[in-house]
Engineer: 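Structure below; questions to follow.
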Amino acid sequence: MKKILIINGHPNEDSLNFAITESYKNGALKSEAVVKEIIISALHFNPNLQYGYRKRMELEPDLTDAWQKILWADHLVWVHPVWWGGLPAITKGFIDRLFLPGLAFQYRENSVWWDKLLTGKTAHIITTLDQPSLYYRFFFGRPSVNQLKKSVLEFCGVKPVKVTYVGIVKTSDEKLRQKWLKKIEKIGEMQK
């Protein structure tokens, strides 16, 4: 059985991102996967990496629990909106506090190279947009996807990393949103 962790990076539980999380989870459960969730906005932690990498901050219990879930999972599903081309602040803070040297990667002594400590895991980013996905991808260069996919997940050894864009959210109606949710459920069902 595949072990799937869904990480929801939207701070508002009334958002489309929460409905996407539920749809993906329902699909994955149909495929008999084991599913756990992290709702970042429900965690109690300081999202500010206060000392950079100069001094380690102790992980709060919620972050320790979140890290154990990440280690447990075979497949990480990240659900988040794109705001100002990037990730919501709470999601960025979650990454800053958890994807640390010694946990997610390890620099080699006297070298520019590093060891990727999350190899063997795969991921899927599902991101909502208020612009056409082609515009976001080719005109803006998809900064949030590059950051999460290349600079975080692949840097730490997670691959392949698939991406699904959902949008344009602000001009969508209920019928279109239901169509998106059914598509996301089908993607979840394909996780075997």
Side-chain angles (χ1 to χ4, degrees), residues 1-45 47 62 65-66 69-70 73-95 121-150 152-153 158 160-192:
M1 264 189 262
K2 194 161 197 176
K3 297 181 289 186
I4 297 174
L5 176 62
I6 305 172
I7 303 168
N8 185 327
H10 199 296
N12 181 352
E13 65 184 40
D14 293 327
S15 69
L16 177 61
N17 283 241
F18 273 75
I20 287 169
T21 296
E22 282 303 304
S23 291
Y24 188 98
K25 180 172 71 173
N26 291 339
L29 291 172
K30 286 180 184 178
S31 75
E32 300 183 357
V34 179
V35 180
K36 293 185 180 183
E37 290 178 77
I38 296 173
I39 308 300
I40 296 174
S41 64
L43 304 180
H44 297 287
F45 71 101
D62 281 355
D65 181 60
K69 288 177 179 176
I70 289 168
D74 301 315
H75 186 65
L76 307 172
V77 179
W78 292 78
V79 180
H80 70 85
V82 171
W83 289 348
W84 290 106
L87 303 165
I90 194 74
T91 303
K92 177 67 168 65
F94 176 81
I95 293 166
K121 297 181 184 304
T122 59
H124 194 140
I125 299 167
I126 303 171
T127 186
T128 55
L129 300 165
D130 276 338
Q131 59 188 290
S133 60
L134 288 174
Y135 191 79
Y136 179 68
R137 185 175 189 160
F138 295 111
F139 185 76
F140 286 112
R142 66 184 199 162
S144 70
V145 169
N146 289 336
Q147 180 181 28
L148 183 54
K149 179 179 177 176
K150 295 179 180 182
V152 177
L153 297 173
V158 178
V161 180
K162 295 181 180 178
V163 180
T164 298
Y165 298 99
V166 177
I168 303 172
V169 174
K170 69 181 176 183
T171 59
S172 66
D173 59 17
E174 187 59 29
K175 183 178 177 183
L176 183 54
R177 288 177 182 223
Q178 288 306 312
K179 181 180 174 185
W180 291 335
L181 294 175
K182 285 179 184 166
K183 176 185 174 184
I184 296 300
E185 185 172 338
K186 289 284 184 210
I187 291 170
E189 279 183 61
M190 294 169 28
Q191 298 304 316
K192 296 190 186 222

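Side chains included, hydrogens not; waters and symmetry mates left out as well; all remaining heavy atoms used. The shown structure was predicted, so the numbers you read here are calculated from the model rather than taken from an experiment.
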Engineer: Please identify each residue that fulfils salt bridge (charged side-chain N to carboxylate O under 4.0 Å, His left out) with Asp74, with sequence neighbours left out.
Structural biologist: none

Engineer: Can a donor-acceptor pair be found, under 3.5 Å and without considering hydrogens, that links the side chain of Lys121 to the backbone of Ile70?
Structural biologist: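 A pair under 3.5 Å: yes.
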
Engineer: As a quick check of understanding, evaluate side-chain contact (heavy atoms from CB on, under 4.5 Å) for Phe45 and Asp62, giving each step before the final call.
Structural biologist: CA-CA 7 Å; Phe45 71 101; Asp62 281 355; 5.5 Å; no

Engineer: So, taking the atom named OG in Ser31 and the one named CD1 in Ile4, what distance separates them when rounded to the nearest 0.5 Å?
Structural biologist: 5.5 Å

Engineer: For the NZ atom of Lys186 and the OH atom of Tyr24, what is their distance to the nearest 0.5 Å?
Structural biologist: 14.0 Å

Engineer: Heavy atoms, side chains only, cut-off 4.5 Å: are Thr21 and His10 in contact?
Structural biologist: no

Engineer: State, yes or no, whether a side-chain contact exists between Leu181 and Leu16 at a heavy-atom distance under 4.5 Å.
Structural biologist: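 In contact.
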
Engineer: Quick one: sort the Phe139 and Tyr135 rings into parallel, tilted or perpendicular, breaks at 30° and 60°.
Structural biologist: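 Phe139 and Tyr135: parallel rings.
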
Engineer: Without swapping roles, check the side chain of Asn146 against the backbone of Gly141 for a donor-acceptor pair under 3.5 Å.
Structural biologist: yes

Engineer: Can we say Glu174 and Arg177 salt-bridge, meaning some charged N sits less than 4.0 Å from an Asp/Glu carboxylate O?
Structural biologist: no

Engineer: Taking atom CZ of Arg137 and atom CG of Leu129, what is their separation to the nearest 0.5 Å?
Structural biologist: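 Reported to 0.5 Å precision, the distance equals 11.5 Å.
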
Engineer: Using a 6.0 Å cut-off, check whether atom NZ of Lys183 has over 12 heavy atoms from anything other than its own residue.
Structural biologist: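 Result for NZ/Lys183: open.
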
Engineer: Find out whether Tyr136 and Thr127 are in side-chain contact, i.e. whether some heavy atom of one side chain is under 4.5 Å from a heavy atom of the other.
Structural biologist: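 In short, these two side chains do not touch, never coming nearer than 4.5 Å.
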
Engineer: Rounded to the nearest 0.5 Å, how far does CD1 of Ile7 lie from CG of Leu76?
Structural biologist: 5.0 Å

Engineer: Between Ser23 and Ile20 (side chain of the first, backbone of the second, donor and acceptor by atom type, cut-off under 3.5 Å), is there such a pair?
Structural biologist: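 Pair absent, no side-chain N/O of Ser23 close to backbone of Ile20.
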
Engineer: Donor-acceptor pairs under 3.5 angstrom involving side-chain atoms of residues 77-95: please list them, not counting sequence neighbours.
Structural biologist:
{"unit_1": "Thr91", "atom_1": "OG1", "unit_2": "Gly9", "atom_2": "O", "d": "2.8"}
{"unit_1": "Lys92", "atom_1": "NZ", "unit_2": "Asp96", "atom_2": "OD1", "d": "2.7"}
{"unit_1": "Lys92", "atom_1": "NZ", "unit_2": "Asp96", "atom_2": "OD2", "d": "3.0"}

Engineer: Quick one: NZ on Lys25 to CD on Glu37, what's the gap to the nearest 0.5 Å?
Structural biologist: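 Here the rounded value is 4.0 Å.
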
Engineer: Let me confirm one number: the OG-CG distance from Ser41 to Asn8, rounded to the nearest 0.5 Å.
Structural biologist: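 Separation between the atoms: 7.0 Å.
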
Engineer: How far apart are the closest heavy atoms of Ile187 and His124, and which atoms are they?
Structural biologist: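 In terms of heavy atoms, the two residues are closest at CG2-CE1, 3.6 Å.
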
Engineer: For Arg142 and Tyr165, work out which heavy atoms get closest and say how close.
Structural biologist: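 Heavy atoms only, the tightest pair is CD-OH, 3.2 Å.
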
